[in-house]
Amino acid sequence: GHMGDKLAQIALQRLHELGVEVWLETRAQEIDDKHLVTDDRRTVPTRTVIWTTGVRAPDVIANLDAPHGKGGSLLVDEYLQVQGRPGVYALGDNAHVVEAKTGEAVPLLAQAAVDEAHAVARNILCALAGQPQQPYHYHSLGNALALGRAEGIIETKGIVISGLLGWVAWRLVHLARTTGLRNKLATLLDWTTGYLFEMNTTRLELEPVVDSQE
């Protein structure tokens, strides 16, 4: 939802070009070892179902005796303190943060988590110094995503770049946010090797398995 309509349309078009059939507003209702049935009663014969959406807090967080929000995350106040637990802070995927200006939940993105970490560090220093804490406000830097080999989208301040330039921009943003020179070099080497030799472990080539019982 936070990506915006323009990015969604570009991504959808790219998936269609790759031969991916997309069913919007559709949920998996039933799954067994040979079929998947959707909530509108369409049946897909398959033995392989991959679920790749949604975020849930780990059990150690979800089981805490504290107010919880969506996916087991902890409800926090405007200072990112767990509600009813002064001095206890939560951030990133473990926190359900609502932006006071809009009333909407802050997206579970890396840029938001890093931003929240700085805010929590500031408020801890304020608390130690006996100073008032500062409310947290989320400021989006834009969105970026990869859509396959040499294909990506980046959006910032209303400007959208797609295709090869979008992919390069996405890589540069990711690299800039990676901490440590060693990690940056390792990531860059991995990307370069993967691009030149197509050694991307997320692109699996599976041979069909013949069922002897059929």
Side-chain angles (χ1 to χ4, degrees), residues 1-4 6-8 11 52-146 152-161 165-191:
H2 62 272
M3 288 292 181
K6 190 167 185 179
L7 265 68
T52 60
T53 185
V55 176
R56 179 171 176 79
D59 290 342
V60 67
I61 298 297
N63 294 331
L64 289 176
D65 181 18
H68 292 278
K70 185 177 181 180
S73 58
L74 296 168
L75 294 177
V76 298
D77 61 18
E78 59 185 332
Y79 307 110
L80 300 180
Q81 295 180 121
V82 178
Q83 292 183 7
R85 302 289 192 275
V88 179
Y89 300 85
L91 56 91
D93 293 352
N94 294 323
H96 181 78
V97 184
V98 176
E99 172 54 53
K101 294 181 179 179
T102 64
E104 297 181 355
V106 173
L108 300 178
L109 300 174
Q111 61 169 298
V114 171
D115 202 28
E116 291 162 13
H118 288 299
V120 166
R122 259 191 327 265
N123 282 335
I124 290 175
L125 290 175
C126 288
L128 291 174
Q131 300 174 352
Q133 301 190 53
Q134 303 175 25
Y136 170 72
H137 295 291
Y138 172 63
H139 303 286
S140 175
L141 301 176
N143 293 296
L145 64 151
I153 311 173
I154 187 168
E155 175 271 326
T156 180
K157 297 182 179 179
I159 301 173
V160 177
I161 304 173
L165 288 179
W167 181 78
V168 172
W170 175 83
R171 296 282 186 173
L172 291 175
V173 168
H174 189 96
L175 199 61
R177 304 291 283 188
T178 301
T179 58
L181 178 60
R182 181 176 180 178
N183 290 334
K184 291 179 187 291
L185 292 175
T187 301
L188 186 60
L189 178 62
D190 181 59
W191 285 348

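- Minimum interatomic distance between Val82 and Pro67 (heavy atoms only, all atoms of both residues): CG1-CD, 4.4 Å.
- Atom CH2 in Trp170 sits 12.5 Å away from atom CD1 in Ile153 (nearest 0.5 Å).
- Considering every non-hydrogen atom in both His68 and Ile61, the closest pair reads CE1-O, 3.0 Å.
- Minimum heavy-atom separation, Tyr89 to Ala127: OH-CB, 4.4 Å.
- Within the model, atoms CD of Glu78 and CD of Gln134 stand 11.5 Å from one another, a figure rounded to the nearest 0.5 Å.
- Using modelled atom types, no side-chain atom of Glu155 and backbone atom of Gly142 make a donor-acceptor pair closer than 3.5 Å.
- In this view, His137 satisfies the ring pair (Phe, Tyr, Trp, His ring centres under 6.0 Å) rule with no residue, not counting sequence neighbours.
- Minimum interatomic distance between Leu175 and Lys184 (heavy atoms only, all atoms of both residues): O-NZ, 2.8 Å.
- The side-chain heavy atoms of Arg171 and Thr187, taken from C-beta on, include no pair separated by under 4.5 Å.
- Distance check, rounded to the nearest 0.5 Å: CG of Asp93 to CD of Glu116 gives 9.0 Å.
- Nearest heavy-atom pair across Ser73 and Ala95 is CB-C, 3.8 Å.
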Kindly determine whether Leu185 and Leu189 satisfy side-chain contact (heavy atoms from CB on, under 4.5 Å), including the steps that lead there. CA-CA 6 Å; Leu185 292 175; Leu189 178 62; over 6 Å; no

Evaluate Tyr138 against Val97 for side-chain contact (heavy atoms from CB on, under 4.5 Å), listing each step before the verdict. CA-CA 9 Å; Tyr138 172 63; Val97 184; over 6 Å; no

Start with the C-alpha distance between Asp115 and Tyr136, add both sets of side-chain angles, then the distance that settles side-chain contact (heavy atoms from CB on, under 4.5 Å), and finish with yes or no. CA-CA 9 Å; Asp115 202 28; Tyr136 170 72; 3.3 Å; yes

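- A 4.5 Å side-chain heavy-atom check between Leu7 and Asn143 finds at least one atom pair inside the cut-off.
- Leu125 CG to Gln133 CD: the interatomic distance, rounded to the nearest 0.5 Å, is 10.5 Å.
- How far CG of Asn183 is from CG of Asp190: 12.0 Å, rounded to the nearest 0.5 Å.
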Between Leu64 and Leu74, does the side-chain contact (heavy atoms from CB on, under 4.5 Å) criterion hold? Intermediate values first, please. CA-CA 9 Å; Leu64 289 176; Leu74 296 168; 4.3 Å; yes

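- Nearest heavy atoms, Gln83 versus Val76: NE2-O, 3.4 Å.
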